[in-house]
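What follows is a set of notes on a single structure, which appears directly below.
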Amino acid sequence: MDIAKTIFVTASLIFATGFAHHAIAHGEKPKHGGLIQEVNNKQYELLATPTQITIYVEDHGKKVDTKGATAKVTFLNGTEKSEAVLTPTIENQLVATGTFNVKSGTKAVAVVMLAGKDATSIRYVIK
């Protein structure tokens with residue numbers, strides 16, 4: 001193998017390893033068994049059950065205070081549409097309780113507005 005090819009292969013491996021580390025470093029694995037989406041460097045984990053909807057908010061692994069925040073999740077099941085209004089509870093949680101039609105394939109669109117910030121729209125598909 002010539003020197004140029006060796007340098008190219010080595011650089012490619014270093015580059016690929018850097019991306020793998022980058023993805024792991026941002027903690028993209030769900031901590032609560034939900035679905036995670038990252039928007040504007042914040043991670044929003046949606047945990048949707050038939051009786052409770054919870055969104056956890058973090059910024060690079062640090063809990064984001066949800067005091068004063070508002071959130072609404074719209075669920076779409078075919079032509080059926082329903083909504084849940086979430087309120088802050090403790091630390092980094094927004095919660096709604098009730099009866100919700102969430103099942104595999106349900107599409108969810110969350111709009112979260114943290115205190116003093118612009119609204120953020122997050123899309124999920126329930127698994």
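- Side-chain contact between Pro50 and Phe100: absent, with no pair of heavy atoms (C-beta onward) separated by less than 4.5 Å.
- Under the side-chain contact (heavy atoms from CB on, under 4.5 Å) rule, Leu86 has a single partner from Ile55, Thr54, Val112, which is Ile55.
- Leu47 and Val57 fall into different hydrophobic clusters, defined by Ile, Leu, Val, Met, Phe, Trp and Tyr side-chain heavy atoms under 4.5 Å apart, directly or through other members.
- The nearest pair of heavy atoms linking Ile53 to Ala84 is CG1-CB, 4.3 Å.
- Contact annotation: the side chain of Ile122 approaches that of Thr120 to within less than 4.5 Å [non-hydrogen atoms, C-beta and beyond].
- Residues that satisfy the side-chain hydrogen bond (donor to acceptor under 3.5 Å, both in side chains) test with Asn101, not counting sequence neighbours, are Glu80.
- Every residue meeting the side-chain contact (heavy atoms from CB on, under 4.5 Å) condition with Thr49, not counting sequence neighbours, appears here in chain and number order: Thr51, Gln52.
- In this structure, Lys117 has no side-chain hydrogen bond (donor to acceptor under 3.5 Å, both in side chains) partners at least two apart in sequence or on a different chain.
- Considering all non-hydrogen atoms of both residues, Ala96 and Val85 come closest at CB-O, 3.3 Å.
- With rounding to the nearest 0.5 angstrom, the OG atom of Ser121 is 10.5 Å from the CD atom of Gln37.
- Under the side-chain contact (heavy atoms from CB on, under 4.5 Å) criterion, Thr89 pairs with Gln93, Val95, sequence neighbours left out.
- Once rounded to the nearest 0.5 Å, the distance linking CD of Gln43 with CG of Asn92 reads 11.0 Å.
- Residues Leu35 and Pro30 fail the side-chain proximity criterion, which asks for heavy atoms closer than 4.5 Å.
- Contact detail for Glu58 and Val64: the closest heavy-atom pair is C-CG2, 3.7 Å.
- Taking the side-chain hydrogen bond (donor to acceptor under 3.5 Å, both in side chains) definition, one finds that Asp65 meets it with nothing, sequence neighbours left out.
- Note: His32 and Tyr56 have parallel aromatic rings, judged against thresholds of 30 and 60 degrees for the angle between ring planes.
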Would you please test Leu76 and Thr106 for side chain to side chain contact (heavy atoms under 4.5 Å, CB included) and show each step?
CA-CA 6 Å; Leu76 304 168; Thr106 299; 6.0 Å; no
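- Put simply, the side chain of Thr66 gets close to the backbone of Glu91: a donor and an acceptor are under 3.5 Å apart.
- The shortest non-hydrogen separation linking Tyr124 to Glu45 is OH-N, 4.2 Å.
- The distance from the NE2 atom of His60 to the NZ atom of Lys62 is 10.0 Å, given to the nearest 0.5 Å.
- Residues Thr74 and Lys81 share a closest heavy-atom pair of CG2-CE, 3.7 Å.
- Here the NZ atom belonging to Lys31 is positioned 8.0 Å from the CD1 atom belonging to Ile36, to the nearest 0.5 angstrom.
- Closest non-hydrogen pair, Val73 versus Ala108, comes out as CG1-CB, 4.0 Å.
- With sequence neighbours excluded, the residues that form a salt bridge (Lys or Arg N to Asp or Glu O under 4.0 Å) with Lys72 are Glu83.
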